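Below you'll find the structure, written out as structure tokens, and then a few comments.
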Amino acid sequence: MTSFLKETQSIKEAVTFINAIDVNKFSRLISRIIQKLHLKGKRTFSDEEEEKLQAALSLDKQALNLVLETAAFILEQAVYHNVKPASLQQQLEAVRLNPDKAEVFSQTWAAAGPELVEKLKQNTFAPKKLEYVGWQLNLQMAQSSQARLKSPSAVLQLGLRKEDSEVQENVFVDFNHQELLDFYNKLEIVQGQLDTLT
């Protein structure tokens, strides 16, 4: 499996900070992050809790934010790529995370990962949900500049609804043959990725 984790500058910095954290404190930190990761728009820790964490982990605010964001990013990527715990541990060790910290990630992921995946499947990341799809074929046979013209097109009607609304918004999308084929191929890719998560 190709690595989903690239050793960027911010990853290197975060790894340095994580490696310096006591393994027991780090284990509790990761457990809390994975429990709250599915909540949209909510912070894992309050301002007061972050201040206490700064003192407990001997990190300044910027370093703590980097550690929290990086840990959440790693777990989100593990969800997206459907990574096995052993593979997660190997990839973390490959970016120079200490083996004990990589094992904490791996064990936490093994224990709480499947539940997180299920919770995230229930979440809607987009503000609107697709409720209805309609379509219509059009064939333009001529126009003022050309007497003989054969230009087929498809119009898709997408009925969208916000989670908290009963009103359906209709979006109309016009495709020529090539655009429709490209759209179909992209949908096939999305379907393949969804199939890997189930």
Side-chain angles (χ1 to χ4, degrees), residues 1-127 186-198:
M1 176 183 192
T2 56
S3 176
F4 66 83
L5 204 54
K6 305 289 182 235
E7 199 171 0
T8 62
Q9 188 58 39
S10 63
I11 294 281
K12 285 180 188 176
E13 289 174 24
V15 164
T16 303
F17 293 131
I18 291 170
N19 284 339
I21 298 172
D22 173 73
V23 72
N24 294 322
K25 291 177 182 176
F26 185 68
S27 177
R28 291 193 300 272
L29 182 74
I30 292 300
S31 293
R32 174 75 176 270
I33 291 171
I34 204 167
Q35 288 171 4
K36 301 276 188 172
L37 200 58
H38 69 284
L39 300 173
K40 290 191 286 186
K42 304 242 176 155
R43 292 177 47 204
T44 306
F45 297 97
S46 67
D47 288 335
E48 186 180 316
E49 289 172 322
E50 282 187 11
E51 285 177 20
K52 289 177 182 176
L53 275 174
Q54 286 176 43
L57 303 176
S58 304
L59 296 172
D60 63 28
K61 186 173 181 65
Q62 187 176 352
L64 178 64
N65 283 338
L66 181 61
V67 166
L68 296 177
E69 288 172 11
T70 302
F73 171 77
I74 289 168
L75 293 168
E76 286 167 352
Q77 291 301 302
V79 169
Y80 180 76
H81 293 281
N82 201 21
V83 177
K84 302 284 183 249
S87 175
L88 177 62
Q89 186 168 346
Q90 288 173 343
Q91 291 190 44
L92 290 170
E93 288 176 6
V95 293
R96 296 181 181 83
L97 192 67
N98 288 349
D100 59 341
K101 305 300 187 330
E103 188 176 345
V104 165
F105 261 111
S106 175
Q107 288 175 346
T108 305
W109 176 242
E115 183 182 347
L116 175 62
V117 170
E118 284 305 311
K119 285 178 179 175
L120 287 173
K121 280 182 183 179
Q122 304 307 314
N123 279 356
T124 304
F125 290 107
K186 285 188 174 114
L187 287 176
E188 285 289 308
I189 292 168
V190 170
Q191 182 64 50
Q193 291 177 347
L194 285 174
D195 289 345
T196 63
L197 290 175
T198 56

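Only a predicted model underlies this, so the values are computations on that prediction, with no experimental measurement involved.
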Backbone of [Y] reached by a side-chain donor or acceptor of [X] within 3.5 Å:
| X | Y | answer |
| --- | --- | --- |
| Ser27 | Val23 | no |
| Asn82 | Val117 | no |
| Lys119 | Leu37 | no |

Contact summary for [X] and [Y], nearest pair of heavy atoms:
| X | Y | value |
| --- | --- | --- |
| Ala102 | Glu93 | CB-CG, 3.7 Å |
| Ala86 | Ser106 | N-OG, 4.2 Å |
| Val67 | Ala14 | CG2-O, 4.4 Å |
| Tyr80 | Gln193 | OH-OE1, 3.3 Å |
| Gly113 | Ile34 | N-CD1, 4.1 Å |
| Arg96 | Val15 | O-CG1, 3.3 Å |

Distance from [X] atom [atom1] to [Y] atom [atom2], nearest 0.5 Å?
| X | Y | atom1 | atom2 | value |
| --- | --- | --- | --- | --- |
| Ile11 | Leu66 | CD1 | CG | 8.0 Å |
| Arg43 | Lys36 | CZ | NZ | 12.0 Å |
| Glu49 | Leu64 | CD | CG | 11.0 Å |
| Leu97 | Thr16 | CG | OG1 | 10.0 Å |
| Gln107 | Ser31 | CD | OG | 10.0 Å |
| Leu75 | Leu116 | CG | CG | 7.5 Å |

Got a sec, which pairs hit ring pair (Phe, Tyr, Trp, His ring centres under 6.0 Å) with one end in residues 5-31, sequence neighbours left out?
Phe26-Phe105
Among pairs that include at least one residue of residues 54-79, which meet ring pair (Phe, Tyr, Trp, His ring centres under 6.0 Å), considering only residues two or more places apart or in two chains?
none
Sequence-distant partners of Gln90, side chain to side chain donor-acceptor pair (under 3.5 Å), two or more places apart
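For Gln90, no residue satisfies side chain to side chain donor-acceptor pair (under 3.5 Å) once neighbours in sequence are set aside.
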Qualifying residues under side chain to side chain donor-acceptor pair (under 3.5 Å), relative to Ser10, sequence neighbours excluded
Thr8
Quick one: salt bridge (Lys or Arg N to Asp or Glu O under 4.0 Å) pairs with a partner in residues 73-83, sequence neighbours left out?
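Of all non-adjacent pairs touching residues 73-83, none passes salt bridge (Lys or Arg N to Asp or Glu O under 4.0 Å).
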Quick one, Lys101 and Leu92 - any side-chain contact, counting heavy atoms below 4.5 Å?
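In short, these two side chains do not touch, never coming nearer than 4.5 Å.
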Sequence neighbours left out, what pairs pass side chain to side chain donor-acceptor pair (under 3.5 Å) with at least one residue falling in residues 54-69?
none
Going by the side-chain contact (heavy atoms from CB on, under 4.5 Å) test, name the single residue among Asp22, Thr44, Leu68 that passes it with Leu29.
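Result: among Asp22, Thr44, Leu68, Leu68 is the only option passing the side-chain contact (heavy atoms from CB on, under 4.5 Å) with Leu29.
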